[in-house]
Number of protein chains: 2
Amino acid sequence: MARFRPYSGGMAYHHGNLRAELLDAAAETIAAGGVEGLSLRDLARRVGVSHAAPAHWFGDRAGLLTAVAADGFARLADDLEAAAAPGGGLLEAGIAYVRFATADRGRFDVMFRPGLLRGDDPDLRAAQERAAAELRSAAAGVPGDAGTAGLAAWSLVHGLATLWNSGAVQDDAPVEEVARRVASVLAPPGPAPAGGDR
Amino acid sequence: MARFRPYSGGMAYHHGNLRAELLDAAAETIAAGGVEGLSLRDLARRVGVSHAAPAHWFGDRAGLLTAVAADGFARLADDLEAAAAPGGGLLEAGIAYVRFATADRGRFDVMFRPGLLRGDDPDLRAAQERAAAELRSAAAGVPGDAGTAGLAAWSLVHGLATLWNSGAVQDDAPVEEVARRVASVLAPPGPAPAGGDR
DNA sequence: GCCGCGATCTTGTCAATGGCTAGATTCCGC
DNA sequence: GCGGAATCTAGCCATTGACAAGATCGCGGC
């Protein structure tokens with residue numbers, strides 16, 4: 001993602017890192033004011049380029065948001081992978097999911113809004129697939145019907161994150177703690193869950 | 001719906017039912033193209049009034065969306081109440097939640113986006129409170145810590161509905177069936193209620 | 001050394017939008 | 001049937017996203 005561009009001259013033209021900077025600024029702005037609060041022109045102003053510069057990199061608004069979402073899925077996949085690494089089970093993956101969604105809110109807000117994105121973008125699809133694979137691997141080994149149990153776990157953490165981000169959850173504790181409590185309802189902390197029914 | 005117009009004369013001025021019709025058309029449009037696809041002017045065109053007519057009823061865009069959201073919370077509360085009526089337990093309430101969110105997508109899409117709404121609107125707050133009360137009453141009597149279990153149940157159905165609406169769920173079965181399977185992971189169908197299946 | 005070509009960014013323009021103000025039309029209480 | 005208030009329209013402005021055309025720069029080839 002972050003292309004390093006060896007670069008000598010002044011900053012007039014050829015900003016040097018525009019694409020990455022636009023993506024970061026976009027995520028920041030969305031986190032602060034939602035997707036509808038993101039204006040391409042304001043974004044350009046923020047980064048210090050002309051109002052048409054973003055169009056060169058992303059084509060249009062959908063292109064920009066698609067890149068933000070792809071970035072988000074890649075980061076989520078990284079986080080899930082890290083959470084699964086040593087002795088982390090489904091519970092740790094769930095907490096990582098919620099942590100990402102609440103900490104990297106700007107990107108998360110865009111990731112599940114297909115109406116705003118170019119669903120056929122190759123980068124987006126690849127990142128989505130990587131994140132999905134991490135989710136599947138985290139949910140592997142749960143008792144009962146794998147599909148249903150996995151979907152339930154995903155729904156649980158996704159719903160908690162969404163509700164939290166919307167301010168609907170009344171809890172003074174930090175998100176991770178709430179996530180741990182809530183997720184424990186489904187996935188007891190121990191790696192080998194006991195109570196299989198159905 | 002709500003085509004009835006208690007008026008005798010022509011419909012030049014004084015449309016007769018503008019507010020309700022704008023709300024319905026707005027929900028419909030949002031369901032089809034998302035909130036960002038909703039233009040006040042297009043909405044006015046659709047209903048056949050001037051571009052400034054919506055402003056009279058709702059002030060601005062936030063006012064319109066607030067009214068849509070309030071309407072949505074009221075309908076959700078009605079549905080939850082109906083689901084709880086005879087022998088419905090937490091499971092039935094959860095299914096009703098998912099059914100509402102997927103069937104009345106236009107309204108649901110707006111209900112949990114505080115950045116788009118006027119959070120201090122009295123109608124909105126009242127409708128929210130009514131829906132919250134229904135949720136609490138549905139979650140009453142679950143085992144374990146009431147707050148955590150209730151939040152887990154809410155997160156589960158909210159997450160499933162959100163994921164479903166975003167197209168992230170790969171399942172050919174109708175939503176209600178998926179919701180029943182998923183929600184059963186948390187709330188086994190069995191305990192008190194007599195209403196077997198359906 | 002420098003030249004040309006493509007990549008990168010800018011300026012200019014246009015239709016559409018949200019919001020505001022002023023005015024037209026109709027309803028309703030008296 | 002009259003006057004005020006509710007309802008809707010018309011006109012205007014700043015801002016936005018998208019597009020087109022041009023300016024500037026970096027890099028490889030000679």
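First the proteins, then the strands, lettered A, B, ... as listed; each starts at 1.
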Nearest-Å distance for atom pair [atom1]/[atom2], residues [X] and [N]:
| X | N | atom1 | atom2 | result |
| --- | --- | --- | --- | --- |
| B:Asp60 | C:dT21 | CG | C1' | 16 Å |
| B:Glu36 | D:dT16 | CD | C1' | 15 Å |
| A:Phe58 | C:dC9 | CZ | C1' | 14 Å |

I want to check something: taking the side chain as every heavy atom from C-beta on, are B:Leu65 and B:Arg118 in contact at a cut-off of under 4.5 Å?
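The answer is no; the side chains never approach within 4.5 Å.
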Would you say the side chain of B:His51 lies within less than 4.5 Å of the side chain of B:Leu40, judging by non-hydrogen atoms?
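No, too far: nothing below the 4.5 Å cut-off.
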A:Arg99 bridged to A:Asp79 by N-O distance under 4.0 Å
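Result for this pair is no, no salt bridge flagged.
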Carboxylate-amine/guanidinium contact B:Glu177 B:Arg181, below 4.0 Å:
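A salt bridge links B:Glu177 with B:Arg181.
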Which of residues 37-51 of chain B have a heavy atom under 4.0 Å from DNA chain D?
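By residue number: B:Arg41, B:Val49, B:Ser50, B:His51.
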Within residues 107-119 of chain A: residues closer than 4.0 Å to DNA chain D (heavy atoms):
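Here the set is empty: none.
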Within the 4.0 Å heavy-atom criterion, would you say B:Ala55 contacts the bases, only the backbone, or no part of the nucleic acid?
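Result for B:Ala55 = nothing.
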Are any side-chain N or O atoms of [X] and backbone N or O atoms of [Y], one a donor and one an acceptor, separated by less than 3.5 Å?
| X | Y | result |
| --- | --- | --- |
| B:Arg107 | B:Arg75 | no |
| B:Arg130 | B:Ala74 | yes |
| A:Asn17 | A:Ala20 | no |

I'd like to know whether the aromatic ring centres of A:Phe73 and A:Phe108 sit less than 6.0 Å apart in this structure.
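Aromatic pair excluded; centres sit 6.0 Å or further apart.
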side-chain N/O B:His56 vs D:dT7 OP1/OP2, d < 4.0 Å:
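Answer is yes, contact under 4.0 Å.
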Hey, does the side chain of B:Trp57 come within less than 4.0 Å of D:dA6's phosphate (OP1/OP2), counting only N and O?
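The answer is no; no side-chain N or O of B:Trp57 sits under 4.0 Å from OP1 or OP2.
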